[in-house]
Each structure stands twice: as structure tokens, then as C-alpha cells.
Amino acid sequence: MNAHKSAFVFSEAFLSYKFRDDHPFNQKRVVLTYDLLKASGALDDEQIIPPRMATDEEIKLIHKSNYIEAVQKASVGLLSSEQGMQYGIGTQDTPMFENMHEASAQLVGGTLTAVDAVMNGDYTHAVNIGGGLHHGFKGKASGFCIYNDAAIAIQYLREHYNLKVLYVDTDAHHGDGVQWAFYDDPNVCTFSIHETGRYLFPGTGNVNERGHNEGFGYSFNLPIDAFTEDDSFLEVYSKSLEEVTEYFRPDIIISQNGADAHAYDPLTHLCCSMKIFEEIPKLVHRLAHKYCNGKWVALGGGGYDIWRVVPRSWAQLWNIANLDGQTLQGPLPKEWLEKWQPKSPVQLPTHWQDLSRVYKEIPRKKEITEKNQLTLGKALEIIRNEQKYIL
Amino acid sequence: MRMIVEEVMSRDVITLSPQDKIESALKLLNEHHIRHIPITDEEDQVVGIVSDRDIRDAAPSILAAEQNLDILESPLQSIMSSPVITAHPLDFIEDIASLFYDYEIACVPVTHANKLIGVVTEKDILYTLIQVTGIREQSSQIEIRVPNKIGTLPKIAQIISDRNTNISSVFLYPSKEDQSERVIVLRVQTMNPMPIIDELKKQGYHVIWPNLPGMSE
């Protein structure tokens, strides 16, 4: 029996957020995850709640009216490509598509449904793997993201419940949209660990981005080197998140669980395995219980190897929320493999964990580990200095 | 933004007169977290400049047993640097950068019609150069080694614009290894540079990054 109840927000309507057939952002991964959980017997129908639609008013908690109007126009084919450019709509990353407003509002609604589930007291944890679109700006679409559901949910929590929110972003890309939305807010602490922006999109997320004015000291960034592996990732992730949470003492944690730090991911250059996608949520889960009475809303995010990486990662995310910090081990259900292997362009993995190393040896592992440790020190300087004065 | 002085200078300038005491300068430096104060006369003409280092040089040593603080009562004209190197509002940023480098200074007053209208510091110049790298816009970086030949850049730009992708910044510098080659560094506004990289490789360009460190080359 579970001591804590968890909700899984899901609907096939999430599939309507679709740019193009060959676009790397593909919500089929949400269905693949759902199916994997069902086949594993890890998800009961009564745990599933359907997402509501977000209202325009809710989207306005973060986004500008003229931007929302532009998305609505694009939705019905009435936005010219010149008009679209200033809003980042109609680019290669975020092309226009029919009903894009509704599809985007559906993802936001899913995240708000997850927040409501936790705040109504019905559930301790809620998971919406259809959300986590952290690159969306107030007046601009970017990086496959139209509306920033995570930022909207945080502002919703601020206005309706006045909670202190810790945002934990473990996507391989910097969580820039959420960071800038709360850059001067001391009641929202953003934490992002990501591949350095030296080369990778969006380019920001440096350690010295620490917040502005009142919000100074409430924005944490851990830019790790390209080709970072499990041990170094987990070392700096665990140390920093423990210290940041202890320092900030949040009332609720919102986590963005992008699954693109895996070595298989085609868009990034980190070299992690499935191990991190078990350890990341385990720590968030433990910290949510330690500081927030368990209040935790987990979202999806990036993840572009939709066959081998994302379904296993997000299924384990749910398992950790649902099984009080436990993951599943051993072989994947035959039923799932038989159903999806014929449709997959790559050989599907057979087990929950990666059985052998999935990449070639990294020649500069020692230097990378050392550099990440130095970055960790810089990121936490501000907390450690403050503690020195207290002592 | 044009890369000229009037676009990057600060217009709110804190000044003192040659007769003001060193003590006032010390106070202003600390209060405003600045390192230079232009010294002007009644007509706003720049007659000198005082840096935090000038004041430190004049101040009594902290190691001395007895601190003679009378020195702080002296007028600024006794320690200010004069004549002063100044800039014009239409000077280029690169020229100011070379000026700082050649003279080992970190601040120039900007004058127009012989009157002080602003200052440019090392920090302003660095900030501008950071903007030039395009880092403030969401983008991915691609580095390509190309032969130093007319027409290469437009061909590469074409590959990128064919994929409906905007370029945030372009750098071009000589390759360290081979003088007949150039390295082109591009920041492109997309989260997925892979189709561009594949096309560049297909057309025979040498993409240095993204690549494995120590494994390629």
C-alpha cells in the first residue's frame, strides 16, 4: 500500500502538440511512456486524471496579451510569416500549425491540473509528462516551446497560495524561460543543471546568473561540461540540490524532468545513462518529503530519443512518485516490446536499466569531473559565504 | 546598436573640481562603487582624472604606526592625472579597446565641444563585446574550419538560411594550425542545429564542433 497518493495527468490530446512529422519534439513519447506503465502494471486507471484546458487568463499569468493573440491567429492560419517572426513563431524550431493555441493551452492545463491535484490535498505528488516547456518566453516562442507551463504553474501557486516554490530543472538545456520569469522574485528559487551553453542552445545558464534585485541569490545554475558522465553528474547534482533546498526551504517543488542528458540523445552532448533518470527524481522525492510535506509536481520536458530513452525515464519518474521512491528493475514487459518494436526505427532496450555502457570511453573524464566540481563550488559560493557569516 | 562611444557610455557622470578634497573623492568612490572621477572646471571642461589607485598612492600606508590623515584634506589637483586622454562620442568601440590596452587605463571621459558628456569604462567595453558574441540571444554554436577563400561565408550562410534559420552572430578568425585556413564561429537561432551540421558535412565542410574532445582532429 502507498502511504502517499500520486496522480498521473494524461490524455491523448497531448498528441495534438505537433509541429511536423520530422520535428524532434514528438509527444508520441508520452503515449509510449503511458503504454509502458500500463504494460508493467504500474499505473491504475483511478490514478489517471484528465487534463483541463488552461484559460487565457491563466496563460496571461506569464505571457503577454499580444503574444497570446499572435498564437491564436497562427492557430487558424491568420498570422503572416513576418508577424510571426517577432514572436518566434514560424521558425524551424517552432513552426505554425493548426490549433497550436489549443494544443499549447492543453499542455498548460495539464500542468495546472497537476498543481490543483496536489493543492486540493487529494494527492501528495502529481506527474504531467506532457508539460515542462521551459524555454517559452513572456512574449516569444522558442526552443520547441510555445507557452511556458512550468512558469505559469509557479505564478499560479504564487498568486493563489502564496507558496515558496523551488523549481528544479534537470533538462540538458538551460531552463531559461522559467529563470527569467522569476529572476527578481525571492519567493521562487530556480535551480538548473544543464550542459554548458558554450555551444548548446540556448547559451545562457552561467553560474553568475544569480537573480536580480530582490531575487538575487535565488537563481542557481550548474553548467556542466559536454561529455559529463553519470558519476560526475550525480555528484554535483546531489550536493547542489541538497544545499539549495536546505537554504531555500521551499513549500513545494516543481521539477522539470527533461530526458535529454542521455548519451543517446541526438541534440545534446552529455554522456549519461538511465541511472541519472532514477537518481534525479529519487532525490527530489526525498527533499519534497523532508521540506514540503511531500508536495511535488513533476513535469516532462526535452527528450529526443523517444524510443530508447524517454519512455523508460519518465516511467521511472512515475514509479518513484507512485512507489515511495522505488524504481522498477529487470526486463521490460514483453507486451510493450512486441507492440512497439515493429514501429521503432532503432532496436528497443530490453531492460529498465542500461545493461552496458552505451558510448565510447571519454578520454578527458578526469578533467571534466574536476571542472564540474569547480563549477559546483562557484554555484554554491553564495550559500556557503552566507553560512560563514551565520557561524 | 552602433558600435560607437555614444551608444555605450554612461551619461550620469560623477565629477569633482580641482579644489575639492581627496577625502570627498574617496567617499564618492566607495559610495558609488566606481573607480574613476573626472575633474572638471566651472565650464565642465575636463582638467584631470582621479582613480582609486591615485588615491591609494597618496593615502598613508596602513602599516604605518601613526596615520597622518591630513593628507586627505589636500586638494585633488595635487594628485590628479593631467592632461587627460579623452574620447569623442563618435569614436569606435574597437579604438577605445585599443586605447585601454595601449595606455593601460580603464576609463576615458567623453567630451563634445570641450565639455564633459559621459564616461566609458573597461566594463562598458567588455559588455558590448559580450553582446557581439550573440550570447544574449537563444542560440546554438557551430564552429567550422574552412579554406581562406573568397565566397566561403556566403555559401555557408546559404545552407543556414535554406533551413529557415536565423544567424545571431558570426566570428571569423585565422586558424592557429594553418594560415591558409579560417575558423568560422556561428551562433544560430535553433535548438536543433543537427540538420545544418549534416548538410555542412555533406558539402565537405570541416565542422570542428559539435564533436568529441580529444577524439576528433
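The chains referred to below are lettered A, B, ... by the order of the sequence lines, with proteins before strands, and numbering in each begins at 1.
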Quick one: what part of A/Y304 sits under 4.5 Å from any heavy atom of chain B, side chain, backbone, both or neither? side chain
Not counting sequence neighbours, which residues clear ring-ring contact (aromatic ring centres under 6.0 Å, His included) with B/F100? List them please. none
Counting N and O atoms only, with roles assigned by atom type, does the side chain of A/T369 sit under 3.5 Å from a partner on the main chain of A/E367, one being a donor and the other an acceptor? no
Can you say whether the rings of A/Y87 and A/Y67 are parallel (under 30°), tilted (30 to 60°) or perpendicular (over 60°)? tilted
Is chain B contacted by the side chain of A/H135, its backbone, both, or neither, given a heavy-atom distance below 4.5 Å? both
If you count heavy-atom pairs under 4.5 Å with chain A, which of B/S140, B/S139, B/P193 comes out on top? B/S139
Do B/D198 and B/K201 sit within salt-bridge range, that is, some charged N less than 4.0 Å from a carboxylate O? no
Does any backbone or side-chain atom of A/P266 lie under 4.5 Å from a heavy atom of chain B? Answer side chain, backbone, both or neither. backbone
Are the side chain of A/D354 and the backbone of A/S356 linked by a donor-acceptor contact shorter than 3.5 Å? no
Of all the residues in residues 148-170 of chain B, which have a heavy atom that comes within less than 4.5 Å of a heavy atom in chain A? B/R163, B/N164, B/T165
Return the set of residues passing side chain to side chain contact (heavy atoms under 4.5 Å, CB included) with B/T121 (not counting sequence neighbours), or none when no residue passes. B/C107, B/K123, B/D124
Which residue pairs satisfy the side-chain hydrogen bond (donor to acceptor under 3.5 Å, both in side chains) criterion with at least one member in residues 198-210 of chain A, sequence neighbours excluded? A/H174-A/T204, A/Q179-A/E209, A/R198-B/Q141
Would you mind checking which part of B/E143 comes under 4.5 Å of any heavy atom in chain A, side chain (CB onward), backbone (N, CA, C, O), both or neither? side chain
Determine whether the side chains of A/Y147 and A/D149 contain a donor N or O and an acceptor N or O closer than 3.5 Å. no
